[in-house]
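Below is one structure; the comments refer to it alone.
Everything numeric in this text was worked out from a predicted model, so none of it was measured. Scope of the values below: all heavy atoms of this structure, side chains included, with no hydrogens, waters or symmetry mates. Within every chain, numbering begins at 1; the chains are lettered A, B, ... in the order of the sequence lines, protein sequences first and strands thereafter.
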Amino acid sequence: MSWIQDVFDPKSRSWEEMYRNRWAHDRVVRSTHGVNCTGSCSWNIHVKQGLVAWEYQALDYPRFDPDTPSYEPRGCQRGMSQSWYIYSALRVKYPYVRGALLDLWNEALITHGDPIAAWESLVTNDEKRAAWQKARGKGGFRRTTWNEVLPMLAAANLSTAARHGADRIIGFSPIPAMSMISYAAGARYLQLLGGVCLSFYDWYCDLPPASPEIWGEQTDVAESADWYKSRYVAVVGSNVLMTRTPDAHFLVEARHQGAKVVVFSPDFNQTSKVADEWVPIHQGQDGAFWMSATHVLLKEFHTDRRVAYFDDYMRRYTDGPILVELIDDGSGALRPGPMLRASSIGETKSEELSDWKLLVFDEELKLRMPMGTAGHRWQKKKGQWNLESRDARDGAEYTPKLTLFGASDEIAEIAIDDFTLPGPPRTLKRAVPARRVMTVNGPRLVTTSFDLLLAQYGVDRGLGKGEWPQSYDDASQPFTPAWQEQFTGVSAADVIRFAREWGDTAETTQGRCSIIIGAGVNHWYHNNLIYRACITALMITGCIGRSGGGWNHYVGQEKLAPQGSWAPIAFALDWGGPARLQNAPSFHYMHTDQWRYDRAFKDLCPVTDEKHPMATGHTADRQAMAVRNGWLPCFPQFDQPNRSVLEGARKSGTEDIGAYVAAQLRERKLRFSMEDPDNPQSWPRVFYIWRGNALQASAKGHEYFLRHYLGVDSAVIAEEQAKDDIRDVTWRDEAPRGKMDLIVDINFRMDTSALYSDVVLPSASWYEKDDLSSTDMHTYIHPLQKAVNPCWESKSDWQIFRDLAKHTQDLARAAKIPAFDDLVVTPLMHDTPAEIAQPAVRDWTRGECEPIPGRTMPNVTIVSRDYANIYNRFISVGPKFRDMGLGVHGTKYAVDDVYDEWLRSEPVETWDGRSYPSLREDRTACDVILRFAAETNGELAWRAFQNESEKSGRDHSHLAADTRGVRYSFDDLIQQPRRVFTTPFWTGITTGGRTYAGFAQNIEELLPWRTLSGRQHLYLDHEVYRAYGEHLPTYKPRPDQEAIGDLAVMQPQDGLVLNYLTPHGKWHIHSTYGDTLRMLTLSRGTEPAWMNDKDAASAGIKDNDWVEIVNDHGVVVTRACISARIPRGMCLIYHATERTTGTPKTTAREGKPMRGGAHNSLTRARLKPLFMIGGYAQFTWAFNYWGPQGINRDTYVVVRRMKGAPQW
Amino acid sequence: MVKLDVRAQVSMVFHLDKCIGCHTCSLACKNLWTERPGAEYMWWNNVETKPGTGYPSNWEDQDRWQGGWSVGQAPSPVLRSQGKLTGLLKLFYNANQPGLDDYYEPWTYRYSDLFDAPQGDVQPSAAPISQITGKPIDIKRGPNWDDDLGGSPLYAENDPNLASLTEDERKSLFEVERMTMMYLPRICNHCTNPACVAACPSGALYKRGEDGIVLVNQDACRGWRACVAACPYKKVFYNWKTGKSEKCILCYPRLETGQPPACFHSCVGRIRYMGVILYDASRIAEVANAPVEKLIDLQRSMLLDPNDPVVIAAAEENGVSAQLLAAAKQSPVWKFVREWELALPLHPEYRTLPMLFYVPPLVPVMGHREEGLYTRAGDRESIFNAIDEARLPVKYLASLFSAGDPEPVKAALRKLMAVRWHRRSLEFKTIDPQQILADAGLTVEQANAIYRLTALSTLEERFVLPPLQREEALSTFGDTAAEDCRQSCGLGRTM
């Protein structure tokens, strides 16, 4: 007789069927989540009795590399809560309209009959318009029907287009990659209309400007499986375990393969748990650490000893050998100037595009002209855009000289600005080895980019002249290990040891050191400098482009793999184009009037040359200059409708519309809206939000959105202070409140944006529609699939915009709106010849040059619009798609035969006597994307490589040979996840089952980066970079509380002053999932404010107390979470909260009860004007690619215990 | 020679070094099993941050809860929760049961206000309300309240496992130089000596013969809750709606259909392993009654080598099927627990002989601060730190996994580290792993096998599921002569 009796007898256990029945289900459907998350995980949705019961991860990822752990399972606690939303009380089940608007609308319809006239009657009546504006966010929703609401939206759009132009109709939807058809739905409709799509990556501050700066690339990083190949991983400003949940295991597992992991984080975050070392670095000071680690690396691995692998890598793949002119800065001091151009030397100046070709010395000190530069990219002769070490003139092989040390004919003393202390920089003198070359402008001293780098980092090679650090312990000179201590709080000894381990590992493994980096550093004002400090360490140790090595930026980065076929459909380029695409940071900064609350930017950003027009003054003026010069887009376009501009041109009898526009601008008869943003003619009027939370989670300066876009009361108490600092932008004493006539939110949950919108439309959730998803975290492409039909009255985003297009078409036909020409003004674009438009900064408004469209100012294009066929066009793949071919980054492939084949065998639309591939149904649209993309149609990948080979003069088609005959359809993806093919549109290589690592093609195929030199840039020679003192990696201090001015009205003595940080959290993907009961239960019923125990005690705050967090921008009410893992001096509210769930009222603003805000109530947008430049190689704009970001980490708040019980 | 009483049990390993603290496992379980009235507060699977007090709060404080078994004069252990006499009395009132304050009052929000609020002066917001009473609630506790050291001065500092530390060690654990945390996912241990089973006055709890899963018969349970008090892990919960107790069922409906339990399936840190273990049931009383310092060794010795012919013969004699025996030979649990001795039971001193084992985690190296500057501790020349330089004292881990004896924990950590040195040495020729491996007691083959199962293992390697042969259940109904006997085994029965 044993102790515990086991029971076998099935008869006594027949009750066990109870749990078997609960597990039982009827159907399993593969889908994923279209949330703004880069997970892209494959899920199995379990359907039981016609309802979604629960979801589990799919486990059937095909394995591609037996030496790497598999991707199964992917999917996190957040994604697993999705099923809760579908049937929850938070679900938007029906269309809603704010009652105050609906009543007025119905009344106006009766009065006017014509819906367009009815809408006009409402928005031109200030009292009526104010009636629904003031009600925004304050209840009073009325259930409506699709047939009642869609005609109203169509009327609003057509009325706005007629009165102001369609460029007053704005759309925001983030990160298309995660549900690309749903994104395309609204974008396509808006672009057919002539509306505007706002960017997101830069607005979120997730775009790392350092990436375009160095590589001319938006972002291209390793898939997470590639981390496993790493042997040293530094995690910097990223919290992989918390925010990259399904990828984290690769980092953890790499440790068991022998990798070392070092985590840099001010708080003991989740990822620190798996670190070998956790470095409690002060927040925002990572740049100082990496500058000094690089100082050690340069000294010990490039100077004391020259590691052959590093040395060779620098010569081939970086601008290290490129010659830089040393020029007099006007005060008699030499400073690094432009890179030495072929046009400056007699023997090369007649080369085609010689202004954009550069020079190096070879080992025999002979001047050589390397291939692969911007000049070789855009010259007529193709085949020289590669990184072979051959002279472009004669094809002769040579070895580029990395340093002139020991080969100089002069030791030049140059000026180096040290920004260690706030305020104007201290100028240091240091020596560089130089040679004198005879240019067309006389003799010039030149040195190499690498020699400048050594001088910048203070690595003395015994050149004698100047101020050099005496040793690692010399804190008086940047960037020694001792110097960094004052910023990081980390000992010099730790930096030195880290650098040695890093260098040794990179040397032994040939570049398998990697940095996982993210929001914790990218969201600071000087983020580009922090990033460049990190990336420089990677470049000089040969880690970029190596499997297991490199720079892996994971925040907000997206990867819509089938870009080539998707983009023309999303932006309606198959029917016309160019599209109206706007960088959101500039848009919101100007149009929410946040610029009015800013002073000149000099306190935020010390510079070298305040006399340079881009390095001084007010950010808004720099924005206006960027718009005029064609560097950044500007929508709404002008201070008058584009149509009237065009009519004016036609009336004048000119053929050259561009010249007419330029003349009007020069005479100031016409101005860009951002030169006078508070002019009612400049306002955005209609705002469509779908798949996003534009008014809260994506609204830096949320309270300014409420005040100036919406016209409701807000918690802002900041004072306007731009008036005295503004020169170019028109100051109007009264700031407008309530610029938007209509805000439409398309959503499946009632989030803050929906709550504040005028119209809320129910959208199908991710288990109720068909769509596609891809990511850079892995290399598969996934379907979203309908597990159940759209619930209640919801529809997919595709169906909603398709139906809106139908209503718009019907109304346009009823109103007899004819097809018409529209004027589209677009900035100089990256990956076009406009990259070589502006060798120097010239402002035509100051007479420094002529305004010439496409060169010194934006491009002007005439586009045809046909509202009476907007639906027909929406559902049909237009003829340009077939005839122009598809492409990305200027590399193209033909699809005419594939298009024609589709017409024979797949769904088509026929109208006006012609047939087109159909886009009517979501699923067909998915199949169009897949059929025409190089990433999913092997034949097209092969063609794209043919084209790339023509440009480079090297044969790359072997990368597509294996998969040439393979193509995927939606049905294939349903069966099992499929891996995307290698194409020239992305820089990694998946061929042969390899893990994807960014820039592998550049290294292995000798394909240039899309930069000035075609190499990775250590040195940025643009005049504005030199004026800012950011031409070389450097350190600039974080703007302090005083400079930031978050507490100018609020007094710091009102409570505990803390630096306010909003990292990505554990219980939400942005604001999604954070309002589910699941996540709220596993957290604390709210997203609390995390703070240090001693800080809290000093303010009398106990764990779980209600606290008010305030600054001049707004008020947040939440609970305190007191933890020793948070350092003193900062508090965290994990991004992103909603004010819809569990938020009490506050009386912090003059005692008037108002709802407590959400995390963005405390932030506001700040732009660094440096990123506004354009028309110059990699500094040329593209959507979500280049431009200023919405910085938000430099924020200060006062925290205090809330008095009394919470009021609901 | 004592005759072996061989039983087969499906058993588990959680590799804590790999746990990322994401709680996906908890959701996988919640959605499937406990999302219904009366079960809202049940978290059959939960994840705790350590140091911390867990869920229900302070469940490890057995001085308060009196869970598990105690050893005395008797040849067998006795339940702490009920002496022979008190057992009956406690049927009606058991002071040792956690109350709502130790769990939490489940809540939700008045989401409908967002849609229904009339136009007013202030933006509506969905206020929290109790799921039990429907009334407004002030949220003071939840199932994961001290996640990631939340409220650490209140919770982490009161972790009972810190009792073994000196005052100074305790204090410094909450200074940045030494601070750390780890995650402890918990499900029912499906013990071989389950206190819950022994405590049930109704005989409603039982251990399944074919796989050792411990269940509460929902037809037989009378809601006495003795199991709740007796389980030292507080993994049996009382359903206030049905009046019966419920607990983790190890997803037997999934296991029976060849799928790992939901929490295993969903473990995105890939920390979970499942496999069949053979054990000698005749030794349960002896092992459970052993002196505390022998608990680890004896528990290990109770597990039987599936390749030993004697064991196989005895197993066959006991009716263990050939398929189960084959699975036992592939069991990753056997490797982690017995072959490599990497995995240890949670609180063996509770004497329930858990069948869930944990590989203890490596944690970052300590540091110190001088004049405001942080420096890491330890050997500057060594790329990996030594075990005793880790931020978490081994004493703490020993309190969790080896009844206070640091040696088994140290041995496991040394092996984990040795595998890392060994793997790194394959590329870094300056490293000689021979001595490190020898000191850890590992061969190169073992190190590679540990590496493979830890880092590279496929789904099939992690989960070697028991072939449960459901058809066997049919034949015991005795009606196999009938053409189709499935109806007698569930098809057709509805609940």
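- Contact annotation for A:D247: neither backbone nor side-chain heavy atoms come within less than 4.5 Å of a heavy atom of chain B.
- Using a 4.5 Å cut-off between heavy atoms, B:T257 contacts chain A through its side chain alone, with no backbone atom that close.
- Only the side chain of B:L154 comes within contact range of chain A, with at least one heavy atom under 4.5 Å from a heavy atom of that chain.
- For B:Q259, the part sitting under 4.5 Å from any heavy atom of chain A is the side chain, from C-beta outward, and nothing else.
- In this structure, chain B has a heavy atom under 4.5 Å from the side chain of A:Y228, while its backbone stays farther away.
- Residue contact with chain B, scored on non-hydrogen atoms closer than 4.5 Å, involves the backbone and the side chain of A:W23 alike.
- Remark: the B:R110 side chain and the B:S125 side chain contain no N/O donor-acceptor pair separated by less than 3.5 Å.
- For a residue to count as touching a neighbouring chain, one of its non-hydrogen atoms must lie under 4.5 Å from one of that chain's; by this rule B:E370 does not touch chain A.
- Using a 4.5 Å cut-off between heavy atoms, B:W421 does not touch chain A at all.
- Using modelled atom types, one finds a donor on one side chain and an acceptor on the other under 3.5 Å when comparing B:R423 with A:Q257.
- For chain A, the nearby parts of B:Y183 are the backbone and the side chain; heavy atoms of each come within less than 4.5 Å.
- Looking at B:L114, both its backbone and its side chain come within 4.5 Å of chain A, counting heavy atoms on both sides.
- Between A:L1080 and A:T1141, the closest side-chain pair of non-hydrogen atoms falls below 4.5 Å.
- With a threshold of 4.5 angstrom between heavy atoms, A:V263 does not approach chain B through any atom at all.
- For B:Q131, the part sitting under 4.5 Å from any heavy atom of chain A is the side chain, from C-beta outward, and nothing else.
- In this pair, B:Y111 and B:Y109 present their aromatic rings tilted. The plane angle is within the 30 to 60° band.
- Residue A:R98 does not touch chain B at all, counting heavy-atom pairs closer than 4.5 Å.
- The aromatic rings of A:W278 and B:Y374 sit tilted, their planes meeting at an angle between 30° and 60°.
- With a 4.5 angstrom heavy-atom cutoff, B:P106 does not touch chain A via any of its atoms.
- Between chain B and the options A:F268, A:Y756, A:W1090, the largest number of non-hydrogen pairs under 4.5 Å is found for A:F268.
- Remark: aromatic rings of B:Y451 and A:H256 are distant, center separation not under 6.0 Å.
- For chain B, the nearby part of A:T509 is the side chain; its heavy atoms alone come within less than 4.5 Å.
- At a 4.5 Å heavy-atom cutoff, the contact between A:R91 and chain B is made by backbone atoms alone.
- Put simply, of A:E16, A:K1145, A:R74, A:H249, the one with the most heavy-atom pairs under 4.5 Å next to chain B is A:E16.
- Judged by a 6.0 Å distance limit and a 45° cone about the ring axis, B:R420 is positioned over the six-membered ring of B:F384.
- Both the backbone and the side chain of A:M750 have a heavy atom closer than 4.5 Å to some heavy atom of chain B.
- Looking at A:K1152, there are no atoms closer than 4.5 Å to chain B (heavy atoms on both sides), in backbone or side chain.
- With a 4.5 Å cut-off on non-hydrogen atoms, A:R1119 touches chain B through its side chain but not through its backbone.
- You'll find the side chain of A:F250 reaches within 4.5 Å of the side chain of A:P69, heavy atoms only.
- Both the backbone and the side chain of B:F115 come within contact range of chain A, judged by heavy atoms closer than 4.5 Å.
- Taking A:R63, A:H46, A:E72, A:E485 one by one and counting their heavy-atom pairs under 4.5 Å with chain B, the maximum is reached by A:E72.
- Looking at A:E1138, there are no atoms closer than 4.5 Å to chain B (heavy atoms on both sides), in backbone or side chain.
- Heavy-atom distances place the backbone of A:S12, and not its side chain, under 4.5 Å from chain B.
- Side chains of B:C267 and B:C25 form no contact here, defined as non-hydrogen atoms less than 4.5 Å apart.
- Using a 4.5 Å cut-off between heavy atoms, B:E35 touches chain A through backbone and side chain atoms alike.
- Using a 4.5 Å cut-off between heavy atoms, A:V274 touches chain B through its side chain atoms alone.
- B:N385 touches chain A through its side chain: at least one heavy atom from C-beta onward sits under 4.5 Å away, while N, CA, C and O do not.
- Options A:A248, A:S272, A:C76 differ in how many heavy-atom pairs under 4.5 Å they form with chain B, and the most are formed by A:C76.
- With a 4.5 Å cut-off on non-hydrogen atoms, B:R36 touches chain A through its side chain but not through its backbone.
- Of the two parts of A:R497, only the side chain, counted from C-beta on, holds a non-hydrogen atom closer than 4.5 Å to a non-hydrogen atom of chain B.
- Counting heavy-atom pairs under 4.5 Å between each of A:L1077, A:V252, A:D1075 and chain B puts A:L1077 at the top.
- Heavy-atom pairs under 4.5 Å with chain B were tallied for A:D267, A:I1122, A:T68, A:I281; the largest tally goes to A:I1122.
- Side-chain rings of B:W145 and B:Y104 stay apart, their centers remaining 6.0 Å or farther from each other.
- Only the side chain of B:H15 comes within contact range of chain A, with at least one heavy atom under 4.5 Å from a heavy atom of that chain.
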